[in-house]
Amino acid sequence: MEIFKDIKGIRDFVKRERQAGRRVGLVPTMGYLHQGHLSLVKIALESADTVVMSIFVNPLQFGIGEDYEEYPRDLTRDAELAASAGVAAIFAPTVAEMYPKGYASYVEVEQLTEGLCGASRPGHFRGVTTVVSKLFNIVQPDVAVFGQKDAQQAAVIQRMVRDLNMPLEIVVAPIVRESDGLAMSSRNVYLNDEQRRAGLVLSKSLGMARERIAAGERDAVKLRQAMVDFIKSEPLADIDYVEVVSRESLKPLEELAGPILIALAVRFGNTRLIDNAVVEV
Ligand code: PAF
């Protein structure tokens with residue numbers, strides 16, 4: 001496996017792969033890899049011959065007071081894990097390589113970015129869509145894989161690719177969970193033992209929501225309130241949002257119908273965790 005820090009290096013690598021007739025897949029990450037990331041590589045390898053992984057903690061998508069500085073980084077460990085998963089090349093640029101002096105261009109998706117994480121993290125999705133557009137332009141993959149854990153991010157990127165006619169396929173891969181249900185995240189390392197235990201309230205509340213829907217609940221407001229009450233029963237949980245929205249528009253629902261997204265963001269101390277479930281009602 002090769003590691004490139006510069007744009008020219010990864011471009012030349014991808015060019016060689018293409019000339020050899022290989023289909024190129026991209027798995028964009030911010031590193032500190034876990035099984036969730038490796039599942040994205042596995043899925044990318046199903047539809048690409050060569051998988052490139054980008055590892056870049058993108059300052060543009062972190063707000064003031066967020067965890068950009070603390071975000072865990074370990075390229076040596078990441079490189080071992082990526083190689084064992086079948087990644088052919090890592091693109092791990094510096095901030096100066098991605099945003100040189102005088103950088104002034106941004107990509108913004110409207111509407112879908114207004115609610116959920118977009119409401120509590122202003123500017124976050126502008127940072128995500130800008131860096132992802134740059135990664136698509138640099139690597140020029142045939143397919144890129146994103147995780148469903150960041151449900152709104154996946155929807156926003158799919159919209160951007162459609163709206164801007166970007167010539168690649170987007171695959172969204174299922175959430176990977178620890179054996180007790182906690183969705184895998186690089187941020188889980190911030191949790192102490194008590195917070196780690198309390199964090200289970202997220203997947204449990206989604207399980208409860210699924211059960212209620214299966215039992216006939218169709219009132220989105222009641223469902224949401226039941227989830228809020230359940231999460232609040234955990235003293236360490238501090239709710240950022242709990243929303244029941246249309247899977248397509250990401251707009252809040254009153255009545256449960258069609259494909260819905262139940263999404264939540266909850267803080268445990270300084271750590272903000274997200275989780276979600278898609279339910280076909
Ligand atoms: O999901 C992430 O890790 C990031 O938001 C992404 C897509 C790599 C962009 O920085």
Side-chain angles (χ1 to χ4, degrees), residues 4-5 7 10 25-41 43-44 51-63 66-75 77-78 81-82 85 87 89-95 97-99 103 105-109 112-113 116-118 120-139 141 143-161 164 166 168-176 183-190 263 265 271-276:
F4 299 98
K5 299 225 164 199
I7 292 168
I10 191 69
L26 172 67
V27 177
T29 80
M30 298 204 301
Y32 215 70
L33 304 180
H34 50 66
Q35 290 304 318
H37 295 112
L38 303 183
S39 78
L40 306 183
V41 173
I43 288 170
V51 171
V52 173
M53 174 184 276
S54 62
I55 297 182
F56 179 60
V57 185
N58 173 34
L60 217 59
Q61 70 189 72
F62 288 79
E66 289 188 357
D67 56 343
Y68 174 67
E69 302 292 342
E70 298 82 17
Y71 199 86
R73 293 158 169 92
D74 190 343
L75 186 56
R77 177 177 162 277
D78 286 349
L81 287 170
V87 168
I90 287 180
F91 175 52
T94 60
V95 172
E97 181 75 356
M98 291 297 271
Y99 304 117
Y103 188 88
S105 304
Y106 301 89
V107 178
E108 203 155 347
V109 173
L112 287 180
T113 54
L116 308 176
C117 291
S120 43
R121 303 185 70 190
H124 169 68
F125 286 114
R126 179 179 186 256
V128 170
T129 44
T130 299
V131 82
V132 169
S133 301
K134 284 175 66 74
L135 292 168
F136 288 172
N137 285 334
I138 293 164
V139 177
V143 54
V145 185
F146 294 86
Q148 172 62 22
K149 208 203 92 210
D150 297 279
Q152 187 176 18
Q153 168 173 281
V156 167
I157 289 167
Q158 283 174 315
R159 181 83 258 164
M160 171 183 82
V161 165
L164 299 180
M166 294 178 168
L168 80 161
E169 182 195 338
I170 300 296
V171 173
V172 181
I175 299 178
V176 179
M184 288 194 187
S185 164
S186 305
R187 289 189 167 99
N188 290 350
V189 296
Y190 298 145
T271 307
R272 181 178 175 279
L273 299 183
I274 57 172
D275 201 347
N276 69 83

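Note that the structure is a prediction, hence the values are computed from the model and not measured. Along the sequence shown, residues are numbered consecutively beginning with 1. Both counts, for ligands and for their atoms, begin at 1 and track the order of listing.
The structure places CG of Leu26 at 6.5 Å from CZ of Phe146, a figure rounded to the nearest 0.5 Å. Rounding to the nearest 0.5 Å places CZ of Arg159 at 13.0 Å from CD1 of Ile170.
Residue-ligand proximity, Gln61 to ligand 1, at heavy-atom distances under 4.0 Å covers atoms 4 (C), 5 (O), 9 (C), 10 (O). Close contacts of ligand 1 with Val131, meaning ligand atoms under 4.0 Å from a residue heavy atom, involve 9 (C), 10 (O). Taking every heavy atom of Gln153 and a limit of under 4.0 angstrom, the matching atoms of ligand 1 come to 1 (O), 2 (C), 4 (C), 5 (O), 7 (C).
The distance criterion of under 3.5 Å between nitrogen or oxygen atoms is not met by Asn58 with respect to ligand 1.
Closest to atom 8 (C) of ligand 1 by heavy atom, among Pro28, Ser185, Gly36, is Pro28.
With Gln61 as reference, Val128 is the one residue of Thr130, Val128, Thr129 to meet the side-chain contact (heavy atoms from CB on, under 4.5 Å) rule.
For Arg126 (side chain) and Pro122 (main-chain N/O), no donor-acceptor pair under 3.5 Å exists by modelled atom type.
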- Assess whether side-chain hydrogen bond (donor to acceptor under 3.5 Å, both in side chains) is satisfied between Asn188 and Tyr32, documenting all intermediate values. CA-CA 11 Å; Asn188 290 350; Tyr32 215 70; over 6 Å; no
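Ranking protein heavy atoms by distance to atom 3 (O) of ligand 1, first place goes to Met30 CG, 3.5 Å.
Ring geometry for Phe56 against Tyr99 counts as tilted: the plane angle lies between 30° and 60°, on a 0 to 90° scale.
Under 4.0 angstrom from ligand 1, the non-hydrogen atoms of Thr29 all belong to its backbone.
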